[in-house]
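Note that these values count all heavy atoms, side chains included, but never hydrogens, waters or copies made by symmetry. Nothing here was measured: the structure is a model prediction, and the numbers come from that model. The chains referred to below are lettered A, B, ... by the order of the sequence lines, with proteins before strands, and numbering in each begins at 1.
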Amino acid sequence: MIAYSNPMMPHLCRINSRKKETHDTFTITLDVNDEEMSPVFRPGQFNMLYLYGVGEVPISISGHPQKTGKMVHTIRSCGTVTRGLARLKSGMPVGVRGPFGSSWPVTHAYGRDLLIVAGGIGLAPLRPAIYQALAHRKHFGKLILLYGARSPEDVLFYKELQTWQKRSDMTVYLTVDHAISDWDHHVGVVTNLIPRVNFDADDTVAMVCGPEIMMRYAIMALRNQEVPENHIYLSMERNMKCAIGLCGHCQLGPKFVCKDGPVFPYHRIAPYFNKREI
Amino acid sequence: MVLLDRNTLNQMFEALAESGFTVIGPTVRDNAIVLDRVNSINDLPVGWTDDQERGAYRLKQETAGAFFNFTNGPHSWKRFLYPPQLTLFNARRRNGDIELIPEKPTDEKFALIGVRPCDLAAIGIHDRIFLKDHHVDTDYRERRKNLFIVAVNCLNPGNTCFCTSMGTGPTAGTGYDLVLTELFDEDQHHFLAGTGSVAGTKMLEKLSAPPASPALLHHCDEMLKEAATKMGRNIRTDELADMLRESFDDPYWQEASAACLSCGNCTMVCPTCFCATVEDVTDLTGETATRVRRWDSCFNGEFSYIHGGILRQSTLSRYRQWVTHKLSSWEEQFGSSGCVGCGRCITWCPVGIDITEVAGKFWEKKYPSRKKAATKRQQPREVLIPVN
Ligand SMILES: Cc1cc2nc3c(=O)[nH]c(=O)nc-3n(C[C@H](O)[C@H](O)[C@H](O)COP(=O)(O)OP(=O)(O)OC[C@H]3O[C@@H](n4cnc5c(N)ncnc54)[C@H](O)[C@@H]3O)c2cc1C
Ligand code: SF4
Ligand code: SF4
């Protein structure tokens with residue numbers, strides 16, 4: 001079997017179901033039947049999704065890590081490949097390589113407060129970590145999710161957020177940059193919420209994912225609260241053509257985002273983070 | 001160590017071809033010494049030599065007929081081990097269903113004749129990247145597995161060479177099957193040949209050449225030692241990686257990259273640069289699709305594109321990325337410098353930007369009173385990882 005020992009060779013997975021999330025975002029669930037492909041993943045990992053004849057893009061896995069044999073992907077349709085993926089129907093095949101990359105160290109937060117800060121589509125890669133934390137809820141102190149979107153219609157997984165919000169063992173704050181009249185959550189950037197929630201700063205693990213600018217302000221806010229640098233984790237985004245550290249595109253200083261990341265403890269990438277044109 | 005003459009060397013070409021090797025070596029084409037198929041010693045650049053300077057390359061015909069009296073041309077061996085274009089797979093669509101058809105790896109066996117010590121080190125660096133990392137490049141593995149390497153030591157380093165500084169030459173370290181040193185003067189034309197592998201030893205047995213005298217070996221050693229002092233360029237590498245790691249905001253990058261055209265020539269000629277992109281091509285009906293890997297360059301805009309824009313907009317940022325990757329971050333990534341001192345990027349830069357000058361500037365700035373270039377020869381680096 002030369003084919004599948006080759007990490008550049010996709011596996012075919014059929015779309016089991018698809019769901020519209022927001023005006024520009026959708027979720028597809030893929031069946032993993034190929035024996036050569038891992039049916040499991042760790043929260044924060046991603047797959048390369050190949051759209052026949054068009055291209056291949058890195059997309060995080062957004063499903064439950066304990067449900068094996070399925071790969072769930074939540075995708076914002078914004079360009080050539082993602083718009084094409086948006087048009088695929090149930091039953092159609094997608095090429096998949098993966099799972100790749102590092103993961104959210106959920107167990108690092110055992111015995112501590114877990115603070116999750118997400119912006120926009122950044123909630124998708126964090127959802128498996130939330131599922132995992134909820135499945136082992138008793139191991140954590142506080143469990144807090146701060147989520148920000150541009151507008152109410154951009155809020156991802158709204159129903160699920162509402163269910164989480166109702167739980168007594170989880171704190172969820174939602175915010176949008178621009179609100180309409182019947183929005184009864186916060187307004188303003190998500191990072192403004194950080195000083196307003198109650199957590200044990202020096203015994204907290206923070207997981208942050210969103211646009212780079214948002215992550216930058218999140219880190220500033222977390223550092224202001226004195227969350228230690230090595231307790232802050234973020235997921236980075238760079239152009240990727242191979243996902244196995246051989247195409248060179250995703251370099252961030254000496255780091256390869258695909259194989260050393262995408263999830264990094266902040267102190268490991270601090271010298272390269274927030275540097276223009278690095 | 002044995003002594004080959006022209007005829008025995010020619011027999012080696014025949015023996016390699018008989019064993020099924022595609023024999024690749026230096027040959028003259030389009031006013032340059034390139035790497036391509038060679039059938040016999042007559043295809044080598046017999047009597048040719050080259051003049052190299054920043055942004056300049058010229059071939060010269062000498063009356064005498066040495067085979068290897070030149071240094072590296074624009075090609076490097078990576079084009080055979082890591083081809084500029086490679087089909088990754090084909091795909092077929094029928095009735096909404098897709099079939100993915102893996103591309104069979106090449107079964108071509110290459111014999112590389114005339115691999116210079118710096119380029120041998122470059123192959124070792126690619127071995128580290130493509131065979132010893134988290135994932136293996138399966139196409140590289142197949143090509144590498146069957147390789148026969150004939151290295152050639154350098155007695156006349158070129159004007160843009162600095163392998164001594166990088167610890168890669170001018171004497172080949174390890175990783176070859178055979179190593180030659182060309183002995184050429186009025187009285188003789190011979191090749192001192194040593195073996196570095198079982199395959200190399202078998203080849204020498206086949207060629208049945210006489211052993212070289214201890215006096216000749218000594219003479220050869222002396223010449224190679226002298227060659228190490230004749231480098232056209234030198235840099236200091238101690239502390240260089242650290243200096244560059246901290247150089248991000250250094251205003252000197254402005255000056256260093258001012259002339260850069262962002263053409264990417266340096267990355268194409270560099271024997272260690274390995275960045276690649278992929279392209280998807282379909283036929284007109286859309287019934288078949290092909291995914292192709294191509295060499296890419298960090299000097300291209302799309303290289304750093306993510307939705308919303310190109311991350312490295314300025315030429316400065318691309319030049320800085322290239323130099324800091326080669327001379328600094330490579331060490332953290334793969335345990336060695338990404339530069340072997342072959343000098344190609346200096347010669348083939350259309351505006352003559354010189355990586356040794358740029359590296360030297362960082363040194364000068366930090367230690368204005370110290371010597372910019374090492375005069376002491378560095379210990380040869382053992383980077384080559386034997387395959388199999
Ligand atoms: C580790 C990782 C995880 C990701 N997870 C998700 C996710 O869960 N959901 C989601 O919607 N998006 C995710 N993205 C972003 C997603 O990969 C891009 O939106 C997508 O590549 C855009 O491709 P396109 O062809 O539609 O866009 P175009 O703008 O047409 O882009 C052209 C090409 O540029 C490259 N490219 C463009 N934007 C990006 C980008 N942001 N990151 C990497 N390469 C890019 C791709 O090769 C793409 O095909 C992730 C990116 C990374 C690196
Ligand atoms: S950086 Fe320049 S001198 Fe160094 S190996 Fe590459 S081409 Fe040769
Ligand atoms: S350094 Fe020279 S060869 Fe490299 S991109 Fe700039 S102009 Fe081109």
Asks: Tell me whether the count of non-hydrogen atoms from other residues, nucleotides or ligands lying under 6.0 Å of CZ in B:R245 goes above 12.
Replies: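 Yes - once you tally the heavy atoms of other residues, nucleotides and ligands closer than 6.0 Å, there are more than 12.
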
Asks: With only heavy atoms counted, which part of A:I278 is less than 4.5 Å from chain B, the side chain, the backbone, both or neither?
Replies: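 The answer is both parts of A:I278.
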
Asks: Tell me if the CG atom of B:D107 is crowded by more than 12 foreign heavy atoms within 6.0 Å.
Replies: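 Count not over threshold, so no.
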
Asks: Checking heavy atoms, do the side chain of B:Q321, its backbone, both or neither come under 4.5 Å from chain A?
Replies: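 Side chain of B:Q321 only, per the 4.5 Å heavy-atom cut-off to chain A.
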
Asks: With a 4.0 Å cut-off on N to O distance, would you call A:D31 and A:R14 a salt bridge?
Replies: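 The answer is no: the pair does not qualify as a salt bridge.
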
Asks: If you take the centroid of each ring, where Trp contributes its six-membered ring, are A:Y50 and B:F89 closer together than 6.0 Å?
Replies: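 For B:F89 and A:Y50, the ring centres are under 6.0 Å apart.
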
Asks: Heavy atoms only, distances under 4.5 angstrom: which of B:Q313, B:E99, B:E331, B:R318 has the most pairs with chain A? Name it, please.
Replies: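 Answer, by heavy-atom pair count under 4.5 Å with chain A: B:Q313.
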
Asks: Which bit of B:R294 comes within less than 4.5 Å of chain A, counting heavy atoms only: side chain, backbone, both or neither?
Replies: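 Neither; nothing under 4.5 Å.
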
Asks: Among B:Y305, B:F303, B:W330, which residue has the highest count of heavy-atom pairs closer than 4.5 Å to chain A?
Replies: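 Greatest number of close heavy-atom pairs with chain A: B:F303.
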
Asks: Is any side-chain heavy atom of B:F334 less than 4.5 Å from a side-chain heavy atom of B:D133?
Replies: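 They are in contact (side-chain heavy atoms under 4.5 Å apart), so the answer is yes.
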
Asks: Answer with side chain, backbone, both or neither: which region of B:E302 has an atom nearer than 4.5 Å to a non-hydrogen atom of chain A?
Replies: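 For B:E302, backbone heavy atoms alone lie under 4.5 Å from chain A.
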
Asks: Looking at B:R143 and B:D137, is there a salt bridge between them, counting it only when a charged N and a carboxylate O are closer than 4.0 Å?
Replies: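 A salt bridge is absent here (no side-chain N lies under 4.0 Å from a carboxylate O).
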
Asks: Side chain, backbone, both or neither: which part of B:I310 has a heavy atom under 4.5 Å from chain A?
Replies: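 Looking at B:I310, nothing touches chain A.
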
Asks: Less than 4.5 Å to any heavy atom of chain A: does that hold for the side chain of B:T324, its backbone, both, or neither?
Replies: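 Contact with chain A: none, neither part.
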
Asks: Based on non-hydrogen pairs under 4.5 Å, which of A:G55, A:C78, A:G79 is most in contact with chain B?
Replies: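 Result: the option with the highest number of such pairs is A:C78.
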
Asks: With side chain to side chain donor-acceptor pair (under 3.5 Å) as the criterion, how do A:E212 and A:N274 come out once you've worked through the C-alpha distance, each side chain's angles and the decisive distance to 0.1 Å?
Replies: CA-CA 8 Å; A:E212 237 171 275; A:N274 188 27; over 6 Å; no

Asks: Identify which part of B:R320 has an atom lying under 4.5 Å from any heavy atom of chain A, answering side chain, backbone, both or neither.
Replies: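 Side chain only.
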
Asks: Measure distances from B:Y140 to the heavy atoms of chain A and classify the residue's part below 4.5 Å as side chain, backbone, both or neither.
Replies: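 Neither part, no heavy atoms under 4.5 Å.
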
Asks: Can you check side chain to side chain donor-acceptor pair (under 3.5 Å) on A:D24 and A:T22, steps first, answer last?
Replies: CA-CA 5 Å; A:D24 64 355; A:T22 70; 3.0 Å; yes

Asks: Can you tell which of A:R276, A:E237, A:M240 has the highest number of heavy-atom pairs within less than 4.5 Å of chain B?
Replies: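 If we count pairs closer than 4.5 Å to chain B, A:R276 comes out on top.
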
Asks: Report the C-alpha distance between B:N90 and B:T290 in whole Å, list the side-chain angles of each, state the deciding distance to 0.1 Å, and finish with yes or no for side chain to side chain donor-acceptor pair (under 3.5 Å).
Replies: CA-CA 4 Å; B:N90 291 290; B:T290 305; 2.9 Å; yes

Asks: Crowded around A:R223 CZ? As in, over 12 foreign heavy atoms under 6.0 Å?
Replies: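 More than 12 within 6.0 Å, yes.
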
Asks: Can you confirm whether or not the ring centre of B:F274 sits under 6.0 Å from the ring centre of B:Y82?
Replies: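 Ring centroids of B:F274 and B:Y82 are no less than 6.0 Å from each other.
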
Asks: Among B:E142, B:R293, B:E287, which has the most heavy-atom pairs under 4.5 Å with chain A?
Replies: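 Looking at each of B:E142, B:R293, B:E287 in turn, B:E287 comes out on top.
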
Asks: Examine whether an atom of B:R291 lies under 4.5 Å from a heavy atom of chain A, and if so say whether it belongs to the side chain, the backbone or both; otherwise answer neither.
Replies: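 For B:R291, the contact with chain A is made by the side chain alone.
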
Asks: For chain A, which candidate among B:L316, B:V278, B:V136, B:V281 shows the most heavy-atom pairs at distances under 4.5 Å?
Replies: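 Of the options given, most contacts go to B:V278.
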
Asks: If I measure from the heavy atoms of chain A, does B:F248 come under 4.5 Å with its side chain, its backbone, both, or neither?
Replies: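 Only the side chain of B:F248 comes within 4.5 Å of chain A.
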
Asks: Need one label for B:D139: side chain, backbone, both or neither, based on atoms under 4.5 Å from any heavy atom in chain A.
Replies: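 B:D139 has no heavy atom closer than 4.5 Å to chain A.
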
Asks: For the candidates B:E246, B:Q333, B:E332, B:H134, which exhibits the highest count of non-hydrogen atom pairs separated by less than 4.5 Å from chain A?
Replies: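 Maximum pair count with chain A is reached by B:Q333.
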
